[in-house]
Amino acid sequence: MVIISNALDGNNMSRNPRAPDMTVVAREDHHEAEDFEMTLAELHALMELRSVNALKKIKESYGDVFGICTRLKTSPQEGDLLPADGVLLQGNDLKIDESSLTGESDHVKKTLSGDPMLLSGSHVVEGSGRMVITAVGVNSQMGIILTLLGVGGEQGKERVKKKKKEQDGSPENSNKAKAQDYAATEMQPGTSEESTNGEETVNRQSNLPKKEKSVLQGKLTRLAVQIGKAGLAMSTITVVVLIVYFLIKTFLIQEHIWTAQCTPVYIKYFVKFFIIGVTVLVVAVPEGLPLAVTISLAYSVKEMMKDNNLVRHLDACETMGNATTICSDKTGTLTMNRMAVVQAFISEMHHKIIPACESIPQTTLNYLLTGISVNCAYTSKILPPEKESGLPRQVGNKTDCALLGFLLDLKQDYQAVRNQIPEEKLYKVYTFNSDRKSMSTVLKNVDGSYRMFTKGASEIVLKKCNKILNAAGKPKPFNSKDNDDIVKNVVKPMASDGLRTICLAFKDFPAGQPEPEWDNENNIIMELTCIAVVGIDDPLRPEVPDAITKCQNAGITVRMVTGDNINTARTIALKCGILHPGETFLCLEGKELNRLIRNEKGEIKQELLDKIWPKLRVLARSSPTDKHTLVKGIIDSTISEQRQVVAVTGDGTNDAPALKEADVGFAMGIAGTDVAKEASDIILTDDNFTSIVKAVMWGRNVYDSISKFLQFQLTVNVVAVIVAFVGACITQDSPLKTVQMLWVNLIMDTFASLALATEKPTESLLLRKPYGRNKPLISHTMMKNILGQAFYQLVVIFTLVFTGEKLFDIDSGRNAPLHSPPSKHYTIVFNTFVLMQLCNEINARKVHGERNVFEGVFSNAIFCAITGGTLLVQLVIVEVGGKPFSCTELTVEQWLWSLFLGIGTLLWGQLITTIPNSYLKFLIELGRGRPKEEILEAELAKGAGEIDHVERELCHGQILWFRGINRIRAQSQVVNTFRTSFYEELEKPQTQSSVRSLRKSKQ
């Protein structure tokens, strides 16, 4: 019996559980079962479509909905995330991680006779197989859970409700609904309570963020708190000084008496003083910091997508700017991942080029043909080129494709063998994994004998061989001396040429003997007969050497971590520039690394690892555990002043722990598995190392963008707060009125965030070392610019405030009565202040002492538009703003003087740049990162997973209050969900009649 699905409409193919479901039906048709097939990629693509697009795609590709039903069979492989429920048809050493559903971390082995059910939301951790899709959408296992949690939304609930009403219309539909409900219940891996608890536990573990939420965010939080406290103090002092000054002047000096008639007037003065204090506080508090970070990160993430970086976690973008180490894979990242066999050792001869098929004995050729055809993944194949002059397309595993291409070069047809021996007829498959370093496939012959074909790392498989095919194609003894000779004369020369060496072998199990214990793998894969050793070339990407040179100039150490032969890895490292001739850096194998860093008890010692990793550049024959050990050891090391920030690339399922452990995990978008992508922070859509360099540039650009914004905002803060405070204390009024201050606040927060946070990165970002976790946000150079510009602006503003009426021959605006009309005097002060900020915004584009502040300014259209737009709005405010903005019209001469004083900030900035930082060592630095040792151990031990710097600043009572509110809200959602389900049940006619009968019986 073959289980197929009947789609109701296009939305049914969605992976999103909000979409309508697909009804599960069954039908007898053994012949049709051989014809229908769908790849997992096709299933994913189809399930991402919606509505009309889905119907259109189904009609174009499958004819109609029933056409797709005849192809709902797919082939899950290692690393895949199952998007739908299904039944296993054929499996090869298939193991599934169902922890996201059951909470159990043990991998579940799937077999036809044991447990053939495959559930959506689970991951394939090992092996491969073929399955029939039985349910998607809300009818799938993950869909059922998400629906119970209320993820489906109101639209999904309405559709489910409508469907239930339609089913309740007839007894047949009612029975079908009951059957489906029963099937859904049977498919759940335990009770609802167990499932929910398990899912909660696993989600808490698998989605565990980094220990340090974000370097930049931590620095910004502490800086914002410091500035906020200073602003609060200044605003409080301002209000107190204004009130005390008013009381002394009014009741002591002028000797007025407080009367009931004067109370409203006095209250208006007190309200005015309070408003001035609030204005000072609003201007002082940098509420634009989170906006600037958000805008900068969002803009960077969008632009990084164009550079083939798909960012999954926003904080990874800026963390990459602080990266000090990159642990990169070789295959596909540093190389092109288009493999081809270029050398071969066959029939006791080392061929530097592919030999002619006539020169190989027919027996050996038959072993090669059958062994490669059945012992490579059936999903791997060589397809004709898309263009006439193009290269053949490689689909699937690239190493398998290289071997299949080798058969084509020998004029052999692998597809004919696969047609004769389909995947279902493979008796036993030992799939490739990082522990075996090999793959073996067992065939059962007609006479009852068995033949096993093996391929894998040459030095590992050769050690398991006791025979080798000679020049006549006959087996001959193969001892350890012969093994050493081949390694010395064949394997090492191939590896020195940068080739990956693969050994092909076979073993016969005679008929008439007891069937071998296939689960005893160590005894099965022994006493092999070597067929050939081939050298596979994976050309280096031409742009990689230049990219690695840029990383090294930027203070980033690139390390190669690969599972390949150490000689091959060393050759590639020399070619791409990771190693240079004459250097004393280390190249180790995984076994050697473990021997050096473990004590007598086999425990890893950090002090031993600290002696190795600073000089380590290449780690070959490494397992995913070795990669995780290296990454964790570098991160935990304390031998350097700055904590190392490590980025790691990975593509396999077993790379997930290292990707999680790293500060930034890069998964391969093309060769990477779903598990690796889920564990990563950034996905490289082109699997290219140069994209990692682009990510470094964007990360440093985010850091610089925030620094630019801070330099601009703090200058405005310092000037505005001092002007408001001094002006209020001397004249009992702020020269900058409340609405004017809010306009200035808008300029320096929202508009400045957009203008300064959207700068594009340049190559100059890679010419300096990483900032480090403890380096302050506001450097000596920035502090010099902030205080220097603040000094110039304060001199200009106070000159205009106290002598402006004489300079421009106008009425003074000081000591104006309450509710007096706007004065030209204070309008000039306001206009000059805003124009100085606009010009200083151009100065703020450079934070490292560069002189040319206009470099690249016209390439940023957003900056030009905001600067021009702000100037235009300022013109409108001054000329037509009137009393709401406390402004009056200015003459052309007054406008020119205001503009001249504003442009003066640009000239003054050049003078500030000339002053060496060595003369200003007394300047303090702000926004320094928190040292690692200051992080409270209790916070790390709580299991919260991350340290939220904002939450740390709040008192514990507030934390408990917010957590309590969130829990109550979550519990309310659960109650509402089940209450809705209860009322839906009551609406059913059968339920209503049952309730009525129950009431009558009680009466």
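Given the structure is predicted, the values throughout are model-derived calculations rather than measurements.
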With sequence neighbours left out, write down each residue that passes salt bridge (charged side-chain N to carboxylate O under 4.0 Å, His left out) with [X], or none if nothing qualifies.
X: Lys302; result: none
X: Arg621; result: Glu459
X: Glu763; result: Lys550
X: Arg768; result: Asp704

Under 4.5 Å between any side-chain heavy atoms of [X] and [Y], yes or no?
X: Trp613; Y: Leu630; result: yes
X: Leu314; Y: Cys317; result: no
X: Arg700; Y: Asn322; result: no
X: Glu318; Y: Trp698; result: no
X: Gln606; Y: Asp610; result: yes
X: Ile612; Y: Leu586; result: yes
X: Ile326; Y: Thr557; result: no
X: Ile635; Y: Gln644; result: no

With sequence neighbours left out, what residues match [X] under side-chain contact (heavy atoms from CB on, under 4.5 Å)?
X: Asn567; answer: Lys492, Ala495, Asn565, Arg570
X: Met336; answer: Asp538, Pro539, Arg541
X: Val311; answer: Val301, Met304, Ile682
X: Lys463; answer: Asn483

Tell me, please, which residues at least two apart from [X] pass side chain to side chain donor-acceptor pair (under 3.5 Å).
X: Ser707; result: none
X: Asn397; result: none
X: Glu759; result: Arg845
X: His580; result: none

Spatial distance of atom [atom1] ([X]) from atom [atom2] ([Y]) [nearest 0.5 Å]:
X: Ser691; Y: Ile683; atom1: OG; atom2: CD1; result: 13.0 Å
X: Asn785; Y: Leu714; atom1: CG; atom2: CG; result: 12.0 Å
X: Leu609; Y: Asp636; atom1: CG; atom2: CG; result: 9.0 Å
X: Thr501; Y: Met494; atom1: OG1; atom2: CE; result: 7.5 Å
X: Leu659; Y: Cys327; atom1: CG; atom2: SG; result: 11.0 Å
X: Ile604; Y: Leu593; atom1: CD1; atom2: CG; result: 8.5 Å

Verify, without hydrogens or angle tests, whether [X] (side chain) and [Y] (backbone) share a donor-acceptor contact under 3.5 angstrom.
X: Lys846; Y: Lys708; value: no
X: Lys660; Y: Ser680; value: no
X: Ser622; Y: Val561; value: no
X: Asn701; Y: Met697; value: no
X: Asn594; Y: Gly590; value: yes
X: Asp626; Y: Ser623; value: yes
X: Asn688; Y: Thr690; value: yes
X: Asn309; Y: Asp307; value: yes

How far apart are the closest heavy atoms of [X] and [Y], and which atoms are they?
X: Ala662; Y: Val646; answer: CB-O, 3.7 Å
X: Ile578; Y: Glu583; answer: O-OE1, 4.3 Å
X: Leu540; Y: Leu334; answer: CD1-O, 3.1 Å
X: Gly498; Y: Thr571; answer: N-CG2, 3.7 Å
X: Gly650; Y: Ala676; answer: O-CB, 4.5 Å
X: Thr781; Y: Gly849; answer: CG2-N, 3.7 Å

Between [X] and [Y], does any side-chain donor sit less than 3.5 Å from a side-chain acceptor?
X: Asn917; Y: His780; value: no
X: Arg559; Y: Thr325; value: yes
X: Ser764; Y: Thr762; value: yes

Could Asp663 and Arg643 be called an ion pair, given the rule that one side-chain N must be under 4.0 Å from one carboxylate O?
yes

Using a strict threshold of under 4.0 Å (side-chain N to carboxylate O), is an ion pair present between Asp564 and Lys330?
yes

Test applied, side-chain hydrogen bond (donor to acceptor under 3.5 Å, both in side chains); reference residue, Arg500; option that passes from Thr331, Thr335, Thr568, Thr562
Thr331

Given Leu579, Ile572, Leu619, the one that forms side chain to side chain contact (heavy atoms under 4.5 Å, CB included) with Met560
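Per the side chain to side chain contact (heavy atoms under 4.5 Å, CB included) rule, the option paired with Met560 is Ile572, out of Leu579, Ile572, Leu619.
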
Step-by-step side-chain contact (heavy atoms from CB on, under 4.5 Å) determination, Asp329 to Asp651
CA-CA 9 Å; Asp329 283 340; Asp651 55 6; 4.0 Å; yes

Taking atom NZ as the centre, does Lys437 end up with more than 12 heavy-atom neighbours from other residues, nucleotides or ligands that are less than 6.0 angstrom away?
yes

Start with the C-alpha gap between Leu297 and Val702, add the side-chain angles, then the distance that decides, and say whether side-chain contact (heavy atoms from CB on, under 4.5 Å) holds.
CA-CA 7 Å; Leu297 289 176; Val702 168; 3.8 Å; yes

side-chain contact (heavy atoms from CB on, under 4.5 Å) between Lys575 and Val544, worked out:
CA-CA 9 Å; Lys575 288 182 179 179; Val544 164; over 6 Å; no

Applying side-chain contact (heavy atoms from CB on, under 4.5 Å) to Leu684 and Phe689, what does each step give before you reach the verdict?
CA-CA 9 Å; Leu684 300 179; Phe689 184 83; over 6 Å; no

